[in-house]
Number of protein chains: 2
Amino acid sequence: MEVKLPTFDSVFSIDCVIFGFEAGELKILLIERNEEPFKDWLALPGYIVEQDESIDDAAERILYELTGLRDLHMQQFHTFGEVNRHPQGRVITVAYYALIRINGQKDLRPVTQFARKAFWHPVNELPKLAFDHSEIFNTGFNKIRRRLNYQPIAFELLPEKFTLTQLQSLYEAILNKKLDKRNFRKKMLSFGFLKELDEKQKGVSYRAAKLYKFDKRKYAKIFHNDMSIDK
Amino acid sequence: MEVKLPTFDSVFSIDCVIFGFEAGELKILLIERNEEPFKDWLALPGYIVEQDESIDDAAERILYELTGLRDLHMQQFHTFGEVNRHPQGRVITVAYYALIRINGQKDLRPVTQFARKAFWHPVNELPKLAFDHSEIFNTGFNKIRRRLNYQPIAFELLPEKFTLTQLQSLYEAILNKKLDKRNFRKKMLSFGFLKELDEKQKGVSYRAAKLYKFDKRKYAKIFHNDMSIDK
DNA sequence: TTTAATGGTGTAATTTTCACACACTATCTT
DNA sequence: AAGATAGTGTGTGAAAATTACACCATTAAA
């Protein structure tokens with residue numbers, strides 16, 4: 001059974017790679033497509049940009065429509081423009097990423113019929129995705145890995161109050177390697193933008209860890225410049 | 001006198017920020033436009049992507065048509081998608097950069113009528129450019145400044161054989177600060193990818209400096225991995 | 001009270017970064 | 001040929017950052 005699809009001329013689209021961290025695992029947000037092409041496939045949340053919206057606005061709108069998530073701070077990271085990346089015609093897509101705390105309460109509700117559902121999936125063992133979305137994901141993952149070194153992106157993935165162990169295991173998940181506990185703590189604390197709280201973890205069946213907060217104001221003061229190389 | 005211009009729907013374009021280094025100064029390639037809008041203005045080389053070419057291919061073609069330069073290694077660095085960035089309609093542009101040696105011999109010849117001429121202009125004291133090209137330039141300049149720290153891009157700007165002083169002054173031009181000569185040399189040589197030649201500079205009226213080459217193969221061996229943070 | 005699980009801590013060796021100044025060489029000028 | 005000019009080339013010590021490494025402390029559950 002052949003499905004006849006419309007084709008189109010130049011179209012812009014947006015695709016989103018949204019990272020979350022839950023249960024010690026790094027995850028991304030996927031949707032199950034409800035439309036041809038690639039009906040029933042898993043894909044990154046993505047759709048077509050309208051005439052009268054900037055691409056940044058489009059990214060926010062599209063993510064919301066497909067997943068119900070709003071007000072993330074998304075950043076563009078690459079544009080994919082191979083001729084045949086979309087079977088229906090010429091579609092150039094601008095890829096965005098964001099990092100957010102996964103919030104168990106809020107569930108993910110697509111607003112359009114275009115996605116059947118949206119859900120978190122561990123970044124390890126990702127299935128094959130629609131279009132060139134696997135490649136888009138990989139490019140995005142490499143970007144945030146690099147960016148982790150000079151931007152405070154990890155804190156967007158953790159709850160407001162977190163333990164140093166949680167922070168470390170997030171770094172380990174992103175960088176995909178083990179870090180030394182003592183050195184990690186020493187270094188993180190030396191930056192001076194972590195605020196130690198008077199609270200402790202609750203509900204654990206072992207010694208409770210201290211909680212910390214990321215202090216944006218201190219961070220901004222410390223790093224008005226970048227951390228460049230030489231002198 | 002009002003000029004009536006066609007408008008268009010979604011269009012992709014490419015704009016190129018091409019860096020060169022000459023006479024101790026960092027320069028970029030500009031064109032003088034010969035078409036409305038912004039006729040007679042200075043602009044980055046840029047034009048519209050065809051239906052049947054990838055954006056990477058388009059970047060090469062467009063740069064060639066507007067400046068006569070070919071076979072550069074261009075890399076995309078950002079996509080600009082504000083709604084009103086182009087007065088004639090919706091144009092989303094993917095910006096590319098490249099770094100090349102300025103070669104006095106070859107002159108710059110636009111192949112299309114769209115550019116009246118193409119020429120090198122120092123990055124300091126840039127005039128106001130057409131469209132949002134000043135912003136595109138700034139974004140690109142910041143990108144290469146950062147990339148200088150982890151990619152061997154400086155060597156693309158120098159002649160094949162160069163002195164350490166030339167290399168240092170290029171770094172200084174990009175980073176816009178003075179570096180210490182002894183520390184710079186020590187560090188550069190410590191990387192191990194500079195090959196010292198038996199030749200010396202010629203035609204200077206002072207002690208001639210040793211010439212060096214960038215050794216791609218050694219570079220590749222040394223940096224198969226990235227230079228990440230911690231352990 | 002024991003066990004299981006994780007929290008929390010310090011030091012020494014090594015490497016990297018940084019600040020800093022002067023003698024050398026080639027050419028040009030007089 | 002002597003001196004001026006202009007850029008080349010080199011080393012060290014202090015300070016800071018990075019790395020490797022192991023054990024006791026605390027809590028809750030069994």
Side-chain angles (χ1 to χ4, degrees), chain A residues 21-25 148-150 158-159 161-173 175 177-213 222-223 225-231, chain B residues 21-25 148-150 158-159 161-173 175 177-213 222-223 225-231:
Chain A
F21 188 62
E22 194 179 44
E25 256 191 329
L148 189 63
N149 293 344
Y150 55 88
L158 291 173
K161 301 170 182 185
F162 52 85
T163 70
L164 290 179
T165 302
Q166 286 165 353
L167 183 60
Q168 179 176 344
S169 87
L170 173 54
Y171 267 76
E172 291 177 339
L175 299 176
K177 65 180 176 190
K178 284 275 166 211
L179 304 175
D180 178 84
K181 182 161 60 158
R182 278 174 291 189
N183 293 338
F184 181 82
R185 285 164 178 248
K186 204 187 320 169
K187 177 141 196 180
M188 275 299 156
L189 294 173
S190 79
F191 287 136
F193 52 62
L194 291 185
K195 189 173 176 181
E196 184 180 331
L197 303 176
D198 286 331
E199 275 174 274
K200 296 204 164 181
Q201 239 179 344
K202 277 181 185 147
V204 291
S205 74
Y206 47 80
R207 176 176 177 182
K210 276 185 206 152
L211 291 171
Y212 290 81
K213 250 182 162 170
I222 301 171
F223 296 107
N225 328 345
D226 36 14
M227 36 286 236
S228 44
I229 11 170
D230 305 325
K231 162 66 197 288
Chain B
F21 188 61
E22 193 180 43
E25 257 191 329
L148 189 62
N149 293 345
Y150 54 89
L158 291 174
K161 301 171 182 182
F162 52 85
T163 69
L164 290 179
T165 302
Q166 285 165 354
L167 183 61
Q168 180 175 343
S169 87
L170 173 55
Y171 268 76
E172 291 177 340
L175 299 175
K177 65 179 175 190
K178 283 277 165 208
L179 304 175
D180 178 85
K181 183 161 59 158
R182 279 173 292 189
N183 292 337
F184 181 82
R185 284 163 179 248
K186 207 186 318 170
K187 178 141 195 182
M188 274 299 154
L189 293 174
S190 80
F191 287 138
F193 52 61
L194 291 185
K195 189 174 176 182
E196 184 180 331
L197 303 177
D198 286 331
E199 274 174 273
K200 296 203 164 182
Q201 236 179 349
K202 280 186 181 140
V204 290
S205 74
Y206 47 81
R207 177 177 177 183
K210 275 185 208 155
L211 291 171
Y212 291 80
K213 251 181 161 169
I222 301 169
F223 295 107
N225 327 344
D226 38 14
M227 35 283 239
S228 44
I229 11 171
D230 305 326
K231 161 65 199 283

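We name chains A, B, ... by the order of the sequence lines, and we start the count at 1 in each one.
- Side chains of B/R185 and B/T165 form a contact here, defined as non-hydrogen atoms less than 4.5 Å apart.
- At whole-Å resolution of the value, CG in B/L211 and P in D/dG7 are 17 Å apart.
- Taking atom CG on B/D180 and atom P on D/dT10, their separation rounds to 15 Å, with Å as the unit.
- For A/K210 against C/dG7, a side-chain-to-base donor-acceptor contact under 3.5 Å is absent.
- For the pair B/E196 CD and D/dT8 P, the computed distance is 15 Å after rounding to whole Å.
- Under 3.5 Å, the side chain of B/R207 and the base of D/dT8 form at least one donor-acceptor pair of N or O atoms.
- A/K200 has its NZ atom 14 Å from the C1' atom of D/dA28, to the nearest Å.
- Distance B/L167 CG to D/dT8 P: 12 Å, rounded to the nearest Å.
- Heavy atoms of B/T165 sit under 4.0 angstrom from primed sugar atoms or phosphate atoms, though from no base atom.
- Residue A/Q201 contributes atom CD, which lies 12 Å from atom C1' of C/dA5 at whole-angstrom precision.
- Separating the CD atom in B/Q168 from the NZ atom in B/K181 is a distance of 8.0 Å, to the nearest 0.5 Å.
- An OP1 or OP2 oxygen of C/dT9 is reached within less than 4.0 angstrom by no side-chain nitrogen or oxygen of A/R185.
- Closest approach of B/L158 to B/F21, counting heavy atoms only: CD2-CD2, 3.9 Å.
- For A/N183, whose side chain is taken as the heavy atoms from C-beta onward, the closest listed nucleotide among D/dT19, C/dC20, D/dA22 is D/dT19.
- Checking D/dT18, D/dA28, C/dA5 against the side-chain heavy atoms of A/S205 singles out D/dA28 as nearest.
- When the nearest nucleotides of DNA chain C are assigned to B/K181 and B/K186 by heavy-atom distance, the more 5′-ward of the two goes with B/K186.
- For B/K177 and C/dC18, the NZ to C1' distance is 12 Å, given to the nearest whole Å.
- At a threshold of 4.5 Å between non-hydrogen side-chain atoms, the residues A/F191 and A/I222 do not count as touching.
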Does the side chain to side chain contact (heavy atoms under 4.5 Å, CB included) test come out yes or no for B/Y206 and B/Q201, once each step is laid out? CA-CA 10 Å; B/Y206 47 81; B/Q201 236 179 349; 4.3 Å; yes
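- Note: CD (B/Q168) to C1' (D/dG9) measures 12 Å, nearest angstrom.
- With D/dG11, D/dC21, D/dG7 as the choices, the nucleotide that has an atom nearest any side-chain atom of B/R182 turns out to be D/dG11.
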